[in-house]
Trainee: 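Input: one structure, supplied below.
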Amino acid sequence: MSSTISVTLPDGSRREYPQGTTVLEVAESIGKRLARDTVAGVVGDCLVDLRTPLVADAPLRIVTARDPEAGEVIRHSAEHVMADAVQRLWPGTLIDAGRQDHSEKYQYDFRFPRPFKPEDFEKIEEEMARIIKEDLEFERDEVDREQVRQLMIDRGEELKVERLEAIPEGEAITLYRHGSFVDLCRGPHVQSTRQIGAVRLLEASGAYFKGDESNEMLQRIYGTAFASKKEMAEYFARLEELRKRDHRRLGRELDLFSFHPEAPASPFFHPRGTIVYNGLLDLMREKYLEYGYHEIITPQVFDVELWKRSGHYENYRDDMFFADAFDDVQDRNNSIKPMNCPAHCLLFGGRSHSYRDLPIRIADFGRLHRYERSGVVTGLTRVRTFSQDDGHIFCTPDQIGSEIEKLFDFIFEIYELFGFDDIKVFLSTRPEKAMGDPKVWEHAEKVLADCLEERDGVDFTINAGDGAFYGPKIDFDVHDALGRAWQLATIQLDFQMPDRFDLKYIDSDGAEQQPVMIHRAILGSVERFFGVMLEHFGGDLPPWLAPEQLRVLPITDAVMEYAEQVTAAARARGVRAELDRRSEKLGYKIREGEAMKVPYLLVIGGREAENGTVSLRLRHRRDEGVQSLDSVLDRVVEKIENRSLEL
RNA sequence: GCCCACGUAGCUCAGUGGUAGAGCACGUCCUUGGUAAGGACGGGGUCACCAGUUCAAGUCUGGUCGUGGGCUCCA
């Protein structure tokens with residue numbers, strides 16, 4: 001190994017340094033100003049601490065406070081400063097660990113005798129300001145495990161000692177200090193606390209130690225930090241914009257749905273929301289014809305024996321509602337379905353099948369009820385009653401591959417209609433609470449993995465232990481306005497249910513065989529899809545889904561009769577059209593039409609009435625000018641029929 | 001289920017122990033106005049619910065329900 005290394009900078013220039021030179025030293029050799037602003041480095045694709053010695057030839061980019069990567073480093077350092085502030089204010093408070101999440105927030109957990117209150121936040125923020133002003137340098141130490149253990153024992157940091165155990169043997173352990181604060185940490189960190197330009201604490205909550213419900217609950221504080229006050233102000237402005245897209249807010253403003261305490265976590269869809277909801281179902285029904293599905297309708301309430309047989313009683317009982325007859329309360333015999341699959345098995349098993357019949361694809365929009373624990377429900381994305389575009393495919397083992405291929409086509413065809421592009425695919429494998437032979441599981445997981453591998457343009461991540469209790473699955477996640485991921489589509493392979501329900505088909509050789517069952521949903525929960533989609537569009541639904549597609553705005557009462565004709569003509573062509581009869585000024589009517597996000601506004605005054613024309617205004621755009629009624633309606637109908645995303 | 005915060009008119013919110021308020025929305029009337037808010041008047045509240053403290057509670061205390069943000073869970 002040579003004793004000098006060659007560093008390539010972003011402008012393409014190369015510089016030679018002695019091996020072991022740090023990122024900061026490289027910055028210093030380039031310029032004083034750069035060195036002062038350096039907060040980290042990027043070696044290759046990897047964000048590294050500015051104190052990291054460079055050991056091999058590599059491309060290097062110096063990260064200053066202005067670069068996008070700086071935020072992560074600054075927040076990470078603010079995290080330590082916050083922990084330091086808490087320990088300064090309340091000596092003896094034990095620290096657990098900090099973490100950053102996806103959305104410019106950091107958190108730190110403490111063992112603290114009581115929850116943190118908003119008043120505490122002020123004190124902590126003041127203390128943090130003091131630490132930042134002290135301009136304390138961050139120091140990095142690479143140390144051996146025993147030293148760290150002894151240090152943490154000496155400092156009384158029991159939680160840290162326990163955390164240390166979890167670090168795999170052989171992994172390098174680093175400590176970061178600033179002032180008298182020291183934490184076990186991978187880094188990277190800024191040079192000194194002065195580089196943290198602006199901090200704000202956001203909220204407090206409880207959090208289980210190591211994320212395990214059986215452990216003690218620690219007190220967590222969330223905060224955020226930026227290089228400057230200006231960046232922080234921009235962050236809060238951005239958050240406010242996102243709140244405007246929140247589907248719960250849009251649902252109320254656009255009169256789509258509401259919730260009532262009498263039925264917690266159970267949405268009421270208003271007439272407008274119901275149009276949208278049914279629009280989604282209509283889409284699926286139309287595609288079912290193409291993809292060979294048969295829709296069925298099944299009961300809501302079942303004898304509990306069904307769930308004992310399917311395995312739900314054992315694995316899923318806590319999440320189920322029971323609906324017993326008045327004189328039967330003790331026995332909990334009647335249960336409301338949380339899933340459709342057992343009913344579909346009963347249907348399949350109700351007659352004999354030939355291999356020639358397979359695959360059989362059945363679809364069911366049946367209403368499901370699941371008792372979600374009180375703390376987990378939110379808006380439309382996690383509810384207690386919902387429908388899925390649920391479907392089950394019964395097929396032979398060698399049909400699995402082609403069925404899953406078809407499902408990928410189906411899913412991507414549907415998602416394209418909504419312009420969903422940020423989709424993450426996961427393969428979830430055998431969970432702890434699983435039914436059936438591990439070997440069967442292994443096989444099923446392999447089948448799914450193979451299908452994913454073969455599919456071009458699909459990247460997937462493995463979610464170990466995250467499968468359903470009856471089989472492995474492929475999930476498709478989409479993000480909401482606040483950046484939270486929600487599972488929409490799912491494909492689940494199931495060898496257990498056919499066995500439990502003793503399902504059979506007669507093969508070509510006359511022998512009885514067990515079919516494979518594929519559980520699948522494309523929208524997933526229609527409610528959740530509704531919510532995520534609403535945020536995705538920011539309420540601006542494409543014409544085919546807009547509850548009110550067109551609104552006629554007469555300027556004066558004198559043209560009311562013609563306005564009625566226009567409205568009737570639109571309706572005659574199948575357009576959901578309304579007429580604003582109120583004696584308000586045009587500006588006022590436009591404002592309301594825009595606020596309700598109606599895609600097409602048709603303004604009608606004396607000139608239009610005289611010539612049999614309309615003046616068109618498209619949603620969030622200016623006046624498009626006077627056109628003939630027919631050409632406007634042609635356009636509207638065309639956009640609706642093609643399920644266009646454009647107006 | 002656990003931790004924290006919140007709950008006042010349909011909506012957004014003000015009101016910190018002493019006679020419930022504003023804007024928007026809603027109703028009536030006037031206005032017939034050409035591309036994002038015309039005017040006047042009016043109706044509307046068991047201050048989430050139940051207890052308690054107090055001469056007096058929207059306001060203080062406890063509980064319940066609901067909502068929000070997290071944790072755990074999420075077939």
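Reminder, nothing fancy here: chain letters follow the sequence lines and each chain counts from 1. The analysis underlying the following values was restricted to heavy atoms, covering all of them including side chains, and did not include hydrogens, waters or symmetry mates.
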Trainee: Tell me the interatomic distance from A/L380, atom CG, to B/rG68, atom P, rounded to whole angstroms.
Mentor: 10 Å

Trainee: Does A/R249 make a side-chain donor-acceptor contact with the base of B/rC11, cut-off 3.5 Å?
Mentor: no

Trainee: Below 6.0 angstrom between ring centroids: does that apply to A/Y106 and A/H76?
Mentor: no

Trainee: Output all residues satisfying ring-ring contact (aromatic ring centres under 6.0 Å, His included) with A/F236, sequence neighbours left out; order by chain, then residue number.
Mentor: none

Trainee: Paired with B/rU16 by Watson-Crick or G-U wobble geometry, both distances under 3.5 Å: which nucleotide is it?
Mentor: none

Trainee: Using the C1' atom on both, measure B/rU16 against B/rG58 and round to a whole Å.
Mentor: 10 Å

Trainee: Check salt bridge (Lys or Arg N to Asp or Glu O under 4.0 Å) between A/E203 and all other residues, then give those that pass, not counting sequence neighbours.
Mentor: A/K105

Trainee: Please give, in whole Å, the distance from B/rC73 P to A/R384 CZ?
Mentor: 18 Å

Trainee: Where the side chain of A/P264 is concerned, which of B/rG66, B/rU35, B/rG68 is the nearest nucleotide?
Mentor: B/rG66

Trainee: What is the nucleic acid contact for A/A521, judged by heavy atoms within less than 4.0 Å: base, sugar-phosphate only, or nothing?
Mentor: nothing

Trainee: I'd like to know if A/E624 pairs up with A/R617 as an ion pair, taking the criterion as any Lys NZ or Arg NE/NH1/NH2 lying under 4.0 Å from an Asp or Glu carboxylate oxygen.
Mentor: no

Trainee: Please determine, for B/rG44, whether a Watson-Crick or G-U wobble partner exists with both distances under 3.5 Å, and give it or none.
Mentor: none

Trainee: Please report the distance separating the P of B/rA40 from the corresponding atom of B/rG17, rounded so that it comes out in whole Å.
Mentor: 36 Å

Trainee: Once you apply the 3.5 Å cut-off to both distances, tell me the Watson-Crick or G-U wobble partner of B/rC24, or none.
Mentor: B/rG10

Trainee: In whole angstrom, give me the gap between the C1' atoms of B/rU31 and B/rU67.
Mentor: 43 Å

Trainee: Distance between the C1' atoms of B/rC4 and B/rU19, in whole angstroms?
Mentor: 36 Å

Trainee: If we take the C1' atom in both B/rC2 and B/rC60, what is their distance in whole Å?
Mentor: 27 Å

Trainee: Please list all pairs meeting salt bridge (Lys or Arg N to Asp or Glu O under 4.0 Å) that have one or both residues in residues 518-534 of chain A, counting only residues at least two apart or in different chains.
Mentor: A/R367-A/E527

Trainee: Compute whether any side-chain donor of one residue and acceptor of the other, for A/D540 and A/H620, lie under 3.5 angstrom apart.
Mentor: yes

Trainee: Using a heavy-atom cut-off of under 4.0 Å over every strand shown, decide if A/E203 touches base, sugar-phosphate, or nothing.
Mentor: sugar-phosphate

Trainee: Measure centre to centre between the rings of A/Y235 and A/F226, then say whether the value is under 6.0 Å.
Mentor: yes

Trainee: Should B/rU67 form a Watson-Crick or G-U wobble pair with both distances under 3.5 Å, which nucleotide is its partner?
Mentor: B/rA5

Trainee: Report yes if at least one side-chain N or O of A/R248 is closer than 4.0 Å to OP1 or OP2 of B/rG68; otherwise report no.
Mentor: yes

Trainee: For A/D109, check salt bridge (Lys or Arg N to Asp or Glu O under 4.0 Å) against everything at least two apart and list the hits.
Mentor: A/R220

Trainee: May I have the distance from A/D466 (atom CG) to B/rU72 (atom C1'), rounded to whole angstrom?
Mentor: 14 Å

Trainee: Between B/rA22 and B/rG18, how far apart are the two C1' atoms, rounded to whole Å?
Mentor: 22 Å

Trainee: Write down the partner of B/rU32 under the Watson-Crick or G-U wobble criteria, each distance required to be under 3.5 Å.
Mentor: none

Trainee: Which residues in residues 605-618 of chain A have a heavy atom closer than 4.0 Å to any atom of RNA chain B?
Mentor: A/G605, A/G606, A/R607, A/E608, A/S615, A/R617

Trainee: Students often get this wrong, so: under 4.0 angstrom with heavy atoms, is A/R382 touching a base, only sugar-phosphate, or nothing?
Mentor: base

Trainee: With sequence neighbours excluded, tell me which residues meet salt bridge (Lys or Arg N to Asp or Glu O under 4.0 Å) with A/R382.
Mentor: A/E372

Trainee: Side chains of A/T429 and A/K473: any donor to acceptor distance under 3.5 Å?
Mentor: no

Trainee: So which one's nearest nucleotide on RNA chain B is more toward 5', A/I590 or A/Q492?
Mentor: A/I590

Trainee: When you measure from the side chain of A/Q549 to the backbone N and O of A/P543, does any donor-acceptor pair fall under 3.5 Å?
Mentor: yes

Trainee: Please set out all donor-acceptor pairs under 3.5 angstrom arising from side-chain atoms of residues 604-614 of chain A, sequence neighbours excluded.
Mentor:
from   : atom 1 : to     : atom 2 : distance (Å)
A/E608 : OE1    : A/G605 : N      : 2.9
A/N611 : ND2    : A/R607 : O      : 3.0

Trainee: Using the test side chain to side chain donor-acceptor pair (under 3.5 Å), find all partners of A/R252 that sit at least two apart in sequence or belong to another chain.
Mentor: none

Trainee: Please state how far atom CZ in A/R317 lies from atom C1' in B/rC73, giving the value in whole angstrom units.
Mentor: 17 Å

Trainee: What's the gap between B/rU72 and B/rU59 when it is taken at their P atoms, as a whole Å value?
Mentor: 36 Å

Trainee: What integer distance in Å separates A/F257:CZ from B/rU67:P?
Mentor: 13 Å

Trainee: Between A/E432 (CD) and B/rC73 (P), how many Å, whole number?
Mentor: 11 Å

Trainee: Any side-chain donor paired with an acceptor under 3.5 Å for A/T490 and A/H519?
Mentor: no

Trainee: Are A/K244 and A/D246 close enough for a salt bridge, meaning some N to O gap below 4.0 Å?
Mentor: no

Trainee: Take the angle between the ring planes of A/F257 and A/F530 and call it parallel below 30°, perpendicular above 60°, tilted in between.
Mentor: perpendicular

Trainee: Quick one: A/K210 NZ to B/rU72 C1', roughly how many Å, whole number?
Mentor: 16 Å

Trainee: Within the pair A/R621 and B/rU35, is there a side-chain N or O less than 4.0 Å away from OP1 or OP2?
Mentor: no

Trainee: For a quick check, with a 4.0 angstrom heavy-atom cut-off, what is the B/S/- contact string for nucleotides 2-10 of chain B, read 5' to 3'?
Mentor: BBS------

Trainee: Mind checking what makes salt bridge (Lys or Arg N to Asp or Glu O under 4.0 Å) contact with A/R200, not counting sequence neighbours?
Mentor: none

Trainee: Identify the pairs formed between an N or O of the protein and an N or O of nucleotides 47-50 of chain B at a distance under 3.5 Å, and give each distance.
Mentor:
none

Trainee: At under 4.0 Å between heavy atoms, how does the protein contact nucleotides 24-33 of chain B? Give one character per nucleotide, 5' to 3', with B, S or -.
Mentor: -S-----BBB

Trainee: Toward the 5' end of RNA chain B, which comes first, A/T490 or A/R591, by nearest nucleotide?
Mentor: A/R591

Trainee: Tell me: CG of A/L250 to P of B/rU12, nearest whole Å?
Mentor: 13 Å

Trainee: Pick the P atom in B/rG45 and in B/rU53, then give their distance to the nearest Å.
Mentor: 30 Å

Trainee: If pairing requires Watson-Crick or G-U wobble contacts with both distances under 3.5 Å, which nucleotide is the partner of B/rA51?
Mentor: B/rU61

Trainee: Remember a base hit wins even if backbone is also touched, and classify A/G379 as base, sugar-phosphate or nothing at under 4.0 Å, heavy atoms.
Mentor: sugar-phosphate

